[in-house]
Amino acid sequence: MKTEYRTHTCGELSAAHENQIVVLAGWVAKQRNHGGMVFIDLRDREGLIQIVFHPERDKPMTERAGRLRMEAVIAVRGRVTRRPQEMVNKDLRTGEIEIEAHELNVLNEARPLPFMIRDDNDASDELRFQYRYLDLRRPVMQKNMMLRHRAGQTVRRFFDEEGFTEIETPYLMKSTPEGARDYLVPSRIHRGRFYALPQSPQTYKQLLMIAGYDRYFQIVRCFRDEDLRADRQPEFTQIDVEMSFVGEEDVLNTVERLMARLFQEILGIHLDTPFPRLAYQEAMDRYGSDHPDLRFGMEIQDISDWACRVPFRVFQETLRKGGRVRGFKVENTFFSRRQTDDLTEYVRLLGVGGLIAVQWRDGEMISPLVRFLEDSQKNELTRLFNACEEDAIFLTADTEALCCESLGSLRKKIAENLNRVDTNRYSPLWVLDFPLLEWNEEERRYVARHHPFTSPNEEDWDLLETAPEKVRARAYDLVLNGYEIAGGSIRIHNRPMQDRMFGVLGLSPESAEDKFGFLLKALEYGAPPHGGIAFGFDRLVMLLAGETSIREVIAFPKTTSALSLMDGSPSGVGLEQLGELGLKINRKD
RNA sequence: GGGGCCGUAGUUCAAUUUGGUUAGAGCGCCGGCCUGUCACGCCGGAGGUUGCGGGUUCGAGACCCGUCGGCCCCGCCA
């Protein structure tokens, strides 16, 4: 990439350029001053190369080079030379060669750094976020950002080739009930009224289908004013997709081809298609999660039938109240008392009463449960889990929901602690047949599990008003290595069903009209059957990059408390600005 | 809203378990030496309101309360 300042980039040079006179520009990654000769590792986006300054050639220049500090920006003219055999650096891509400096131009000095620009730097996150522009100089971060770029380009190429049109949708839109808390934007022109930033372009993409665009996609920013996690930011990027005249298989198939393409182009990894599928209920029963990680076993089993014959009060009472007894096996591990105590504390925090470990020592079963068990019951338990004496079994007794939740979390935690997760594997999975609705105790009503535009399964239509919790949705989630990375559904495309759905959600016709009237009306003007999906692009890139936090693949992320440490947002604004918007701050402590 | 871990030199950490002399080390920074290093090496030096506020104590980096900030989790996230 030749420019006014350089003829080549550092990383692109090799022995093939031997004897060429080149000009490079970049940052001083490291300087090694030997009193006589001086070595400088020059870094740019493309890589690192060693520059050699010989005092015999130019003493003042060599001395200037010897005084350079890390991260000074310099340009160097010099000759590409092959290193003597014994001085080749095999750890460096350009290690066969070096640049014999003829001319040094210091373009900018750098102050002593708050932390060093190295991949193995272990600066605190706080400092990294504060000096994000320095953090982003680290090769690993540059790699992540470029991977993100390439993934985005692959997505665009794929959808373009598949006949999708990328259409931008508004960022200033109508605030709607249901779902996450909106970020609000006050209107200056219409005082007292607000726009909302989109939680997703859901309604717009449906309107685009009604408008006849057939296939739409967009790589788009979405905003949700909720608390953060390692895999959640208040603003995040979706690959938003919608298709007309499709059923589930059309969407799933398209997504599988996109995923296969991404993994091939970005990582050179072949993904087998079609992806495995699990029904929601099966995922919950076997893994205690609707987004299970299938890279390790430890499947959960229901042993209520066995437990009902054990005269252990907790089992008896739990089962009498309609709860379950479930557990899973951990192969080839013995947990110390201390460890089982810690794990018990862990599940207690999730809300279950306790955790029962079953293990063996010297051929004897050891467990708080042992004194309640006949020999035959011990054998039966062992057989149920197909366990041997090197294994450990963990059991909980509680409501079905708590059994799932606690054992699902515990399964994941133990696998991580014991390094039982094959981190080189990518394990995609479809989860299907989600319940359409779930009961919200706080609001005393049913809420949409996915969103209120999701089509109920036709076979379950009759249950909508009589047994809403039993209605299955035409929804699907794509799970990768235990992360939900995409979710979508076939939508409701006619007004009567959408009215019915709002009714089930406890939304009055007036309220539905007020909040979603524009969509309801549009459904009456020839809405085609349609469906789609949206990817969490940050999570997807995080997994492609082998990271465990999406902050590592977002250039300027927020902290856990939604602050931007670099620019100090959110910040206060002047009274003038507030006045213009007709706003008054009500500070209460 | 709740829980857990953490906050000591520019930086990464130690000293906290059991409160007790002058708060140490690596890297960086400054000065000197060093002509084939690539974590260059050697010698010397500067650098601290122990996040902030209060309390307990003869004495607090350490213990207690509050607060601010970071990370992780629960709730929340259609």
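In what follows, chains are A, B, ... by sequence order, proteins preceding strands, each numbered from 1.
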For this session: May I ask you to say what A:Arg181 touches in the nucleic acid, namely base, sugar-phosphate or nothing, with a heavy-atom cut-off under 4.0 Å?
Result: nothing

For this session: Can you sort out the partners of A:Arg69 under side-chain contact (heavy atoms from CB on, under 4.5 Å), two or more places apart, ordered by chain and number?
Result: A:Pro112

Exercise. What string of B, S and - do you get for nucleotides 8-15 of chain B, 5' to 3', if B is base contact, S is sugar-phosphate-only contact and - is no contact with any protein heavy atom under 4.0 Å?
Worked result: --SSS---

Seminar exercise, completed: Note: for A:Ala230 and A:Asp227 on RNA chain B, the residue whose nearest nucleotide lies more 5' is A:Ala230

Problem set entry | Nearest-angstrom distance from the residue atom CG of A:Leu565 to P of B:C68 | 15 Å

Exercise. Which is true for A:Glu86 with a 4.0 Å heavy-atom rule: it touches a base, it touches only sugar-phosphate, or it touches nothing?
Worked result: nothing

For this session: Answer with base, sugar-phosphate or nothing: what part of the nucleic acid does A:Ser200 contact at a heavy-atom distance below 4.0 Å?
Result: base

Problem set entry | Pairwise P distance for B:U50 and B:C5, with rounding to whole Å | 24 Å

Problem set entry | Sugar-phosphate only, base, or nothing, as touched by A:Asp125 at under 4.0 Å among non-hydrogen atoms | sugar-phosphate

For this session: Establish whether the base of B:G69 is bridged to the side chain of A:Gln130 by a donor-acceptor pair shorter than 3.5 Å.
Result: no

Seminar exercise, completed: As its Watson-Crick or G-U partner within any shown strand, both distances under 3.5 Å, B:U67 has B:G51

Exercise. Looking only at atom P, what distance separates B:A60 and B:U17, rounded to whole Å?
Worked result: 15 Å

Problem set entry | Rounded distance in Å between the C1' positions of B:C40 and B:U35 | 12 Å

For this session: Measure from NZ on A:Lys412 to C1' on B:C72 and round the result to the nearest Å.
Result: 12 Å

Problem set entry | B:C65 to B:G3 separation - P atoms, rounded to the nearest Å | 12 Å

Exercise. Within the structure shown, what part of the strands sits under 4.0 Å from A:Arg449 by heavy-atom distance: base, sugar-phosphate, or nothing?
Worked result: sugar-phosphate

For this session: Assess whether one donor atom and one acceptor atom, taken from the side chain of A:Arg83 and the base of B:C38, lie less than 3.5 Å apart.
Result: yes

Exercise. Across the strands shown, which category fits A:Asn33 at heavy-atom distances under 4.0 angstrom: base, sugar-phosphate, nothing?
Worked result: base

Exercise. Taking RNA chain B as the partner, which of residues 53-65 of chain A come within under 4.0 angstrom of it by heavy atom?
Worked result: A:His54, A:Pro55, A:Glu56

